[in-house]
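Ligands are counted one by one from 1 in listed order, and the atoms in each one are counted from 1 as well.
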Amino acid sequence: MSRVYNFSAGPAVLPEEVLQEAAAEMLDYKGTGMSVMEMSHRSKAFEDIIHTAEADLRELLHIPDNYKVLFLQGGAHQQFAMIPMNLMKNKVADYIVTGQWAKKAWQEAQKYGTANKAASSEDKTYSYIPDCSDLPISPDADYVYICENNTIYGTKFKTLPNTKGKTLVADVSSCFLSEPMDVEKYGVIYGGAQKNIGPAGVVIAIIREDLITEDVLPGTPTMLTYKTHADAESLYNTPNCYGIYMCGKVFQWLKKQGGLGAMKEHNEKKAKILYDYLDESAMFRGTVEPASRSLMNVPFVTGDKNLDAKFIKEATEAGFVNLKGHRSVGGMRASIYNAMPIQGVEALVAFMKKFEKENA
Ligand code: PMP
């Protein structure tokens, strides 16, 4: 067996230990004589899986009791609609547009009410996070929306926006559980699992209870109403059982690593190796303003499209895969989520140095 260093932005690398455990339990989960994939979502075994997963997530993020944890489906895209449908009581919301995913969420919200663009970094290809300390927040805004880590552009909010008392909603798909969070500062935190947490097909939403009501926009489907899922403890319909099981395993792995404080330290150390090299290299350079750099997604370029393509080709052959930048940016992007070992980044930097020497 040979595993590559997988720098995919998502679905992405998972901890090898977790994959091995899942493989060992594939045919017979804890003496049930069946795989978790074959199990009723109403069975005792699965109830234990989902309850343990929720308890571990609550412990990792210190989620207060007045927040619900929901395991949903439909991808992050479905949340682009569920958020306005459930939260737009005044039919007004303010969006901070720091990349393609925030822009898509903002555009989707326009279907349901007035979605204002409170700030944007589109003027410089989303290569920075704008100053959000004193934005023109709408007096009647139901919420202020951010995408906390911008997967494509490699930027991250280092301080949360001043929402002037309005509910903060954050898409944390690509920075989920990469560092501690102060959950109480948010009304809704949500993310797709397929980057830092598990396989694709699970979305986790952490929502303050007072925001979960029956007072949703007229016509909101039952399945798109948070209350439906909150009342049924994420078992209103058949959830992504196997996905939730895998997420649960990753939560346990994170606890074993020392929790989110330890993950933050690990991620900072890991990202620094790559950023330090990008800062000193005469060939490669990072595309993001240093103060806004993400710990998870690191885009970089040589400035020459042909050289970028040569690098990606040779890197792939050497076992460093999925380094091609998003089609809207070009160049390269290394996604270095929790499960990417430090050796993966060290080996990548060694390869980049060799490439730089050979192609100078
Ligand atoms: N938000 C962010 C920050 C993302 O990175 C992505 C996917 N790459 C999405 C939303 C969309 O996720 P999905 O494909 O699960 O709808």
Pairing residues for W253 by the ring pair (Phe, Tyr, Trp, His ring centres under 6.0 Å) criterion, not counting sequence neighbours:
none
On the 0 to 90° scale, with breaks at 30° and 60°, tag the F284-F300 ring pair as parallel, tilted or perpendicular.
perpendicular
What pairs meet the salt bridge (charged side-chain N to carboxylate O under 4.0 Å, His left out) rule with one or both residues in residues 24-42, with sequence neighbours excluded?
E25-K249
Determine whether more than 12 heavy atoms belonging to other residues, nucleotides or ligands lie under 6.0 Å from atom NZ of K255.
yes
So the side chain to side chain donor-acceptor pair (under 3.5 Å) pairs with at least one residue in residues 232-242 (sequence neighbours excluded) are none
Pairs of nitrogen or oxygen atoms, one from ligand 1 and one from the protein, closer than 3.5 Å: please tabulate them with distances.
| unit_1 | atom_1 | unit_2 | atom_2 | d |
| --- | --- | --- | --- | --- |
| ligand 1 | 1 (N) | D171 | OD2 | 2.6 |
| ligand 1 | 5 (O) | W101 | NE1 | 3.4 |
| ligand 1 | 5 (O) | T151 | OG1 | 2.4 |
| ligand 1 | 5 (O) | K195 | NZ | 3.4 |
| ligand 1 | 8 (N) | K195 | NZ | 2.8 |
| ligand 1 | 15 (O) | A76 | N | 3.0 |
| ligand 1 | 15 (O) | Q194 | NE2 | 2.9 |
| ligand 1 | 16 (O) | A76 | N | 3.1 |
| ligand 1 | 16 (O) | H77 | N | 2.9 |
| ligand 1 | 16 (O) | H77 | ND1 | 2.6 |

How close do S121 and T98 get, counting heavy atoms only, and between which atoms?
OG-CA, 3.6 Å
